[in-house]
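Inspection log for the structure reproduced underneath, given as structure tokens.
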Amino acid sequence: MVKLNGIFAGENPFEIAKAWLRDAEKSEPNDPNAIALATVDADGLPNVRMVLLKSITDDGFWFYTNYESAKGQEIAATGKAAMVMHWKSLRRQIRVRGIVIREDGLEADEYYASRSLKSRLGAWASEQSRPLESRSALMAKVAKITTQKGANPKRPPFWGGFRIVPEEIEFWADGAYRLHDRFVWRREASENEWKITRLNP
């Protein structure tokens with residue numbers, strides 16, 4: 001049986017991830033919740049980009065985006081994604097792989113409503129990932145949307161949340177002489193128990 005102690009200790013990988021994120025919030029200068037999100041296109045070619053993780057719950061890792069963006073379409077096609085959180089200040093990272101569930105209900109409405117007005121209007125105006133004639137054209141569209149939607153726009157039907165339900169979570173911490181510590185939690189389905197394995201650096 002794998003023995004976990006120190007920063008790796010815990011019986012719930014989501015709680016460990018939350019604790020590491022709290023540590024990062026004290027030391028990272030910018031966006032400690034930034035993640036590199038990876039998807040694949042129709043040809044199997046990987047795509048990766050930085051997005052902001054908005055919450056960690058006991059059923060997944062949540063972020064929000066335009067469903068019609070490249071990542072939104074790729075997630076819709078495959079139902080899978082991977083992500084990594086890396087904190088240089090802590091010399092730690094968390095890797096996650098799993099299935100992705102679209103979340104466009106009450107949670108998405110509440111998060112959208114919590115954003116600044118400019119961000120909410122921007123979500124309406126941006127045709128994310130698609131060609132743009134110019135920045136001035138985008139700003140003109142924002143102005144038009146502002147007039148149309150007013151001070152309390154509802155969440156766009158094409159914008160909302162995704163939840164990564166992990167089948168694998170790896171916790172990595174820098175070690176002396178590049179002998180890093182790595183523990184991976186795996187399960188075959190969300191209702192199954194986790195199996196923990198220590199990996200070679």
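The first residue in the sequence is number 1, and the count goes up from there. Quick caveat: nothing in here was measured; it's all calculated off a predicted structure.
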Are R120 and N152 close enough, and set up right, to give a side-chain contact (heavy atoms from CB on, under 4.5 Å), and what steps lead you there? CA-CA 9 Å; R120 284 179 280 156; N152 190 26; 3.6 Å; yes

Closest heavy-atom pair and its distance - [X], [Y]:
X: P153; Y: L121; value: CG-CD2, 4.0 Å
X: R91; Y: W172; value: O-CZ3, 3.4 Å
X: N66; Y: S126; value: ND2-O, 3.4 Å
X: K154; Y: W124; value: O-NE1, 2.9 Å

For [Y], is there any backbone N or O sitting under 3.5 Å from a side-chain donor or acceptor partner on [X]?
X: D41; Y: G44; result: yes
X: T147; Y: A143; result: yes
X: S129; Y: S69; result: no
X: H180; Y: P201; result: no
X: T146; Y: V142; result: yes

Please identify each residue that fulfils side chain to side chain contact (heavy atoms under 4.5 Å, CB included) with [X], with sequence neighbours left out.
X: A19; result: R22
X: I16; result: W20, F171, W185
X: A24; result: E28, P32, W87, L90
X: D58; result: N12, F14, E15, K18

Hey, what else clusters with [X] if you join Ile, Leu, Val, Met, Phe, Trp, Tyr whenever side-chain heavy atoms sit under 4.5 Å?
X: L179; answer: Y177
X: L45; answer: none
X: M139; answer: none

Residue Q148 excluded, over 12 heavy atoms near CD under 6.0 Å: yes

What residues, two or more places apart in sequence or in another chain, satisfy ring-ring contact (aromatic ring centres under 6.0 Å, His included) together with H86? none

Under the ring-ring contact (aromatic ring centres under 6.0 Å, His included) test, residues paired with W62 that sit two or more places apart: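 None.
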
Side chains of V184 and R182: does their closest heavy-atom pair fall under 4.5 Å? no

Which side-chain N or O atoms in residues 158-169 pair as donor and acceptor under 3.5 Å with protein atoms at least two apart or in another chain?
residue: R163; atom: NE; partner: E103; partner atom: OE2; Å: 2.8
residue: R163; atom: NH1; partner: D59; partner atom: O; Å: 2.8
residue: R163; atom: NH2; partner: E103; partner atom: OE2; Å: 2.9
residue: E168; atom: OE1; partner: R97; partner atom: NH2; Å: 3.4
residue: E168; atom: OE1; partner: R186; partner atom: NE; Å: 3.1

Does a salt bridge link D104 with R155, judged by any charged N lying under 4.0 Å from a carboxylate O? no

Restricting to pairs with a member in residues 74-83, which pass side-chain hydrogen bond (donor to acceptor under 3.5 Å, both in side chains), not counting sequence neighbours?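 For residues 74-83: T39-E74, N47-E74.
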
Please enumerate all residues that pass side-chain hydrogen bond (donor to acceptor under 3.5 Å, both in side chains) together with R198, with sequence neighbours excluded. D181

